[in-house]
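So the structure is just underneath, and the comments pick up after that.
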Amino acid sequence: MTSRLTRPLVGFALSFVAAAACQAATITISCGSNAADLEFCGKFAEEWGKKNGHEVKMYTPPASTTDNLALLRQQFAAKSSDVDVIMIDVIWPGVIKDHLVDLKKYSKGVESTHFPAIVTNNTVDGKLLGMPWFTDAGLLFYRKDLLEKYGVKPPQTWDELAAGAKKIMDGERAAGSADFQGFVFQAKAYEGLTCDALEWVHSFGGGEIVDKAGNITINNPQAAKALDTAASWIGTIAPGGVLNYGEEDARGVWQNGKAAFMRNWPYAWSLGQAADSPIKGKIGVAALPAGTGPGAKKAATLGGWQLAVNKYSKNVDAAAALVMYMTSAEIQKKRAVGGSYNPTIPALYKDADILKANPFMGELLDVFTNAVARPSTATGLKYPEVSQTFWDATHEVLSKKSKGADAVKKMETKLKQVKRNKW
Ligand code: GLC
C-alpha cells in the first residue's frame with residue numbers, strides 16, 4: 001500500500017518516464033527535390049512534428065537517383081546521423097541493407113495492406129527495410145489537342161509514335177514554333193536511362209538485362225533492335241540535347257508546350273495540370289508503345305520510393321513513427337490527390353477522389369500492376385554496376401558511337417566480369 005507521502009513521488013516519477021518517452025526530437029527527412037515533393041512531403045511531415053512535439057527539418061537530396069545514392073553511401077560510410085528518415089529508391093534495398101532499421105517492430109503488420117510485391121522487394125534477410133511510399137511506372141504523356149489537330153491517334157507501337165511525332169513536329173515548326181520537339185525522354189547517362197531503355201528492350205521482347213534467376217540475357221537481337229530504334233529518334237523527333245536529359249529536363253520542355261510526346265513518371269501529371277501550366281487540360285496519358293517482332297509487347301519500368309530509417313539516427317523511434325505516418329493511407333491519399341503520387345495501397349485505387357484527380361490511375365491500373373522490375377533483386381549489391389554497364393552502353397548507341405548489336409555483346413562481356421561466379 002502506498003502511503004500518502006510516497007504517492008506524489010510515484011506520480012512524479014511516472015510523469016518523468018512519460019515525458020522521456022516522447023521527448024522532443026529534431027527529425028530530418030529527405031523528401032525529394034521538386035516543387036511538389038516539398039509541398040506534399042514537407043508540409044505533412046511538419047504537421048506531424050507539430051502534433052507530436054517534434055521539430056522536423058527537410059533535407060533535399062540530389063535530383064538524380066544516381067547522385068542521391070552516391071551521396072548516401074558516403075554518409076553511411078561516415079555513419080552520419082544527419083538524415084533520420086531517408087527516401088529510398090525501389091532498387092536500393094539490397095544495396096544499402098546494412099544501414100537501415102528493421103521497421104517490423106513499428107509497422108505492426110500494416111505493410112500487409114500495401115502491394116505485396118513492393119513489400120517483398122523491401123524485405124531483405126527477413127527485415128522490412130522500407131515502408132512503401134509511392135510507386136511509379138513509365139507512362140506516355142501526349143498533347144491531346146495536337147494529336148487531334150494533326151489527326152494522329154495515341155500510338156500503339158514505337159513506329160507509330162515516331163511517325164506521329166514527326167508529323168506534329170514538322171507542322172508546328174512550319175507554323176513558327178522553331179524549337180518544337182516530337183518526343184522527349186530521359187537519355188542522360190544515369191539510372192533514368194536504364195529505366196527508359198529497359199522499356200524499349202522489354203517492349204521489343206528483348207528481356208530484362210538479367211533474368212530473375214540471375215542469367216545475363218541482354219545479348220539478343222531484339223534488345224539490339226530496340227536500342228537501334230531509340231537511336232534513330234535522336235536528331236529526328238528528339239533533340240540532340242536529350243542525351244543530357246533527366247526527368248525534370250524533359251518535363252521542362254514538355255510543360256512549356258514544346259513537345260508532342262513525353263516519357264515520364266506519374267508526378268508529371270499534377271504539375272502539368274497545375275493552374276499556371278501552359279498545357280493544363282491538354283494532356284493525355286497512355287501506356288508506352290510496343291515494339292515490333294517476336295515477343296513484342298507494351299512495357300513500363302517499375303519505379304517508386306520507400307521511406308526508411310537511418311540506422312545511425314539518434315532518434316530511431318520518432319523517425320520510425322514519422323515513416324509510419326507518412327506512408328499511411330491518409331497521407332498517401334492526400335499525396336495522390338494533390339501531387340499524383342501513385343499509392344502503394346491497392347484499396348486506394350478504388351478511391352473516388354484519387355481517381356477523379358488522376359483518371360490514368362484507374363484507366364492504366366494494369367500498367368502499374370504489370371510494370372517490369374529492374375534486375376536489382378537478382379543482382380543484389382552489384383546492381384549499381386549492372387545498371388551503369390547498361391546505361392553506358394546504351395548511351396553510346398544513342399550517341400551513334402556504336403550499334404545495338406555490338407553494344408549488347410559488349411554489355412554481356414562486361415556483365416560477366418561484374419558477376420564473376422555469382423551475383
Ligand atoms: C523515378 C523512379 C525511380 C527511378 C528513377 C530514375 O524516381 O521512381 O525508381 O530509379 O526515377 O531516374
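In this text, all values refer to a predicted model and were calculated from it rather than measured experimentally. Numbering of ligands and ligand atoms starts at 1, following listing order.
Annotation: disulfide (SG to SG under 2.5 Å) contacts of C41 (sequence neighbours excluded): C31.
Donor-acceptor pairing under 3.5 Å is recorded for the side chains of D37 and Y341. N215 and D211 share a side-chain donor-acceptor pair at under 3.5 Å. In the model, Y312 has no side-chain atom that pairs as donor or acceptor with a side-chain atom of Q75 under 3.5 Å.
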N or O contacts of ligand 1 with protein under 3.5 Å, please list pair by pair.
from, atom 1, to, atom 2, distance (Å)
ligand 1, 7 (O), W305, NE1, 2.9
ligand 1, 8 (O), D136, OD2, 2.5
ligand 1, 8 (O), G304, N, 2.9
ligand 1, 8 (O), W305, NE1, 3.0
ligand 1, 9 (O), D89, OD1, 2.6
ligand 1, 9 (O), G304, N, 3.2
ligand 1, 9 (O), R374, NH2, 2.8
ligand 1, 10 (O), D89, OD2, 2.6
ligand 1, 10 (O), R374, NH1, 2.8
ligand 1, 11 (O), E247, OE2, 3.3
ligand 1, 11 (O), W265, NE1, 3.1
ligand 1, 12 (O), E247, OE2, 2.6

Please tabulate, for the side chains in residues 86-97, all donor-acceptor contacts under 3.5 angstrom to protein atoms that are two or more places apart in sequence or on a different chain.
from, atom 1, to, atom 2, distance (Å)
D89, OD2, T65, OG1, 2.8

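For residues 40-51, the side-chain hydrogen bond (donor to acceptor under 3.5 Å, both in side chains) pairs, not counting sequence neighbours, are K51-Y325.
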